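Here's the structure, in C-alpha cells; my notes come after.
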Amino acid sequence: MDWKSLQDLLSGVNKYSTAFGRIWLSVVFVFRVMVFVVAAERVWSDDQAHFDCNTRQPGCTNICYNYFFPISHVRLWALQLIFVTCPSFMVVLHVAYREERERKYRAKHGESAQLYDNTGRKHGGLWWTYLLSLFFKTAIELAFLYFLHLLYDSFELPRRVQCSLSPCPNMVDCYIAQPTEKTVFTYFMVGASAICVVLNLCEIFYLIAVRVLVLRHRGRVRTPSKKICPEKDCNGPYTS
C-alpha cells in the first residue's frame with residue numbers, strides 16, 4: 001500500500017482543519033502509519049509460518065491458526081486507517097465544489113464578483129460537512145476497536161492456545177510467535193486510536209462551542225438595545 005499517496009491527499013485537509021484536526025493528522029501519520037509501516041507489518045509478516053502446534057497432522061495447524069486469527073491484526077489496522085481517513089475527503093470535496101461554483105459565478109458576472117468570502121471558511125454547509133466528518137471518524141474508530149476486542153476477547157495475545165478442531169486428532173497446544181512483542185504493538189495501536197477519538201471529540205465540542213458563541217454574538221448585534229433618555233427627549237416636549 002502506498003501510504004505516501006494517502007499522506008499527500010490528506011495534507012490538503014490541513015488548510016481547513018482546526019488546531020485539533022492538525023494534531024489528529026499528526027498522530028495518525030506519526031504514531032500510527034509510520035509505526036504500522038516500519039515495525040508492525042514486519043512483526044506480523046511471518047506470523048502464520050511461526051504458528052506451531054504440537055502435532056504433525058496435515059491441516060491441523062492451518063485450521064487452528066484461521067480459527068484464532070480470523071483476520072490479521074495488520075490487515076485490520078490497514079483497513080481501519082483507510083476508513084478513518086476517508087471522511088476527511090468529504091471536506092476537500094466540499095471545498096472543491098465551492099471553488100467550482102465560485103469559478104462559474106465569476107465567469108458569469110465578472111472577475112470582480114464574489115460568491116464566497118472564503119471558499120475554505122467553515123460556515124454554512126461546509127461547517128456541517130466538517131462536523132459530520134468528525135462524527136464519522138469517531139464512529140469508525142470506536143467500531144474497529146470494538147470489533148478487534150470482539151474477535152480476540154482481549155487486546156493481549158496469549159503465548160499458548162488450545163485447539164481441538166478437525167482434522168486435529170485431539171486437544172493440541174499451539175504457540176504464537178513473539179506474543180509479548182505483538183501485545184505491545186496491539187496496545188500501542190489501540191492507545192493511538194483512543195487518542196484520536198479524544199481529539200475528535202474535543203474538536204466536535206470546540207466547533208459547536210464556537211458556533212454557539214457566534215450565533216449569540218449575532219443575536220446581540222441584531223437585537224436593538226433599549227434606549228435610555230429623559231422623557232422630554234424620547235416622547236417630545238416636556239409638559240407639566
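Bear in mind that the values here come from a model prediction, so they are computed numbers and not experimental data.
- Between F144 and F83, the two ring planes are tilted [angle within 30° to 60°].
- Closest heavy-atom contact between C60 and V172: SG-CG2, 4.0 Å.
- There is a path of hydrophobic side-chain contacts, each under 4.5 Å, that joins Y187 to V27.
- At a threshold of 4.0 Å, the pair R159-E181 does not count as salt-bridged, since none of the basic side-chain nitrogens sits closer than that to a carboxylate oxygen.
- Contact record, T183 with F155: CG2-O, 4.2 Å, taken as the closest heavy-atom pair.
- Residues I176 and P158 share a closest heavy-atom pair of CD1-O, 3.3 Å.
- Separation of atoms CE (M34) and CZ (F29) is listed at 11.0 Å; rounding is to 0.5 Å.
- Under the 3.5 Å distance criterion, the side-chain polar atoms of K108 are left unmatched by any main-chain donor or acceptor of R103.
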Discussion item. Pair S164, N170 - check side-chain contact (heavy atoms from CB on, under 4.5 Å), show working.
Written reply: CA-CA 5 Å; S164 60; N170 48 38; over 6 Å; no

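- Contact check for F51 versus T61: side-chain heavy atoms found under the 4.5 Å cut-off.
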Q.
E141 vs S193, test: side-chain contact (heavy atoms from CB on, under 4.5 Å). Steps then yes/no.
A. CA-CA 7 Å; E141 293 277 20; S193 181; 2.6 Å; yes

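- In terms of heavy atoms, F147 sits closest to I71 at CE2-CD1, 3.7 Å.
- Using a 4.5 Å cut-off on side-chain heavy atoms (C-beta onward), Y130 and H94 make no contact.
- Using a 4.5 Å heavy-atom cutoff, the side chains of F69 and L157 are in contact.
- The CD atom of Q80 sits 9.5 Å away from the CD1 atom of I140 when rounded to the nearest 0.5 Å.
- From I204, atom CD1 reaches atom OG1 of T138 across 4.5 Å, with rounding to the nearest 0.5 Å.
- A donor-acceptor pair under 3.5 Å links the side-chain atoms of N54 to the main chain of D173, judged by distance alone.
- In the hydrophobic clustering of ILVMFWY residues, with side-chain heavy atoms under 4.5 Å counting as a link, L165 and Y175 come out apart.
- Transitive grouping of hydrophobic side chains (ILVMFWY, heavy atoms separated by less than 4.5 Å) keeps V184 and V190 in distinct clusters.
- By the rule that hydrophobic residues join a cluster once side-chain heavy atoms approach within less than 4.5 Å of another member, V198 and F188 end up as members of separate clusters.
- Taken to the nearest 0.5 Å, the CG atom of L134 stands 11.0 Å off from the OG1 atom of T129.
- Rounding to the nearest 0.5 Å places CG of L132 at 9.0 Å from CH2 of W127.
- Of the possible donor and acceptor atoms, none in the side chain of S133 sits under 3.5 Å from a partner among the backbone N and O of S88.
- Residues C86 and F136 are not in side-chain contact: their nearest non-hydrogen atoms beyond the backbone lie 4.5 Å or more apart.
- Atoms CZ and OH, on F68 and Y152 in that order, are 11.5 Å from each other to the nearest 0.5 Å.
- Ring centroids of H73 and F185 are separated by 6.0 Å or more, keeping the two rings apart.
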Using the side-chain contact (heavy atoms from CB on, under 4.5 Å) rule, take L148 and W77 through it: C-alpha gap first, then chi angles, then the decisive distance, then the call.
CA-CA 9 Å; L148 180 63; W77 289 333; 4.1 Å; yes

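- F205 CZ: 12 or fewer foreign heavy atoms inside a 6.0 Å radius.
- A 4.5 Å side-chain heavy-atom check between L215 and R211 finds at least one atom pair inside the cut-off.
- Nearest heavy-atom pair across P167 and Q57 is O-CG, 3.1 Å.
- Put simply, the side chain of R32 reaches to within 4.5 Å of the side chain of L81, judged on heavy atoms.
- C53 is not listed as a side-chain neighbour of C163, based on a closest heavy-atom distance of 4.5 Å or more.
- A single hydrophobic cluster is not seen to contain both M90 and L93; linkage of ILVMFWY side chains at heavy-atom distances under 4.5 Å, directly or through other members, places them apart.
- Looking only at side-chain heavy atoms (C-beta outward), C196 and V28 come within less than 4.5 Å of each other.
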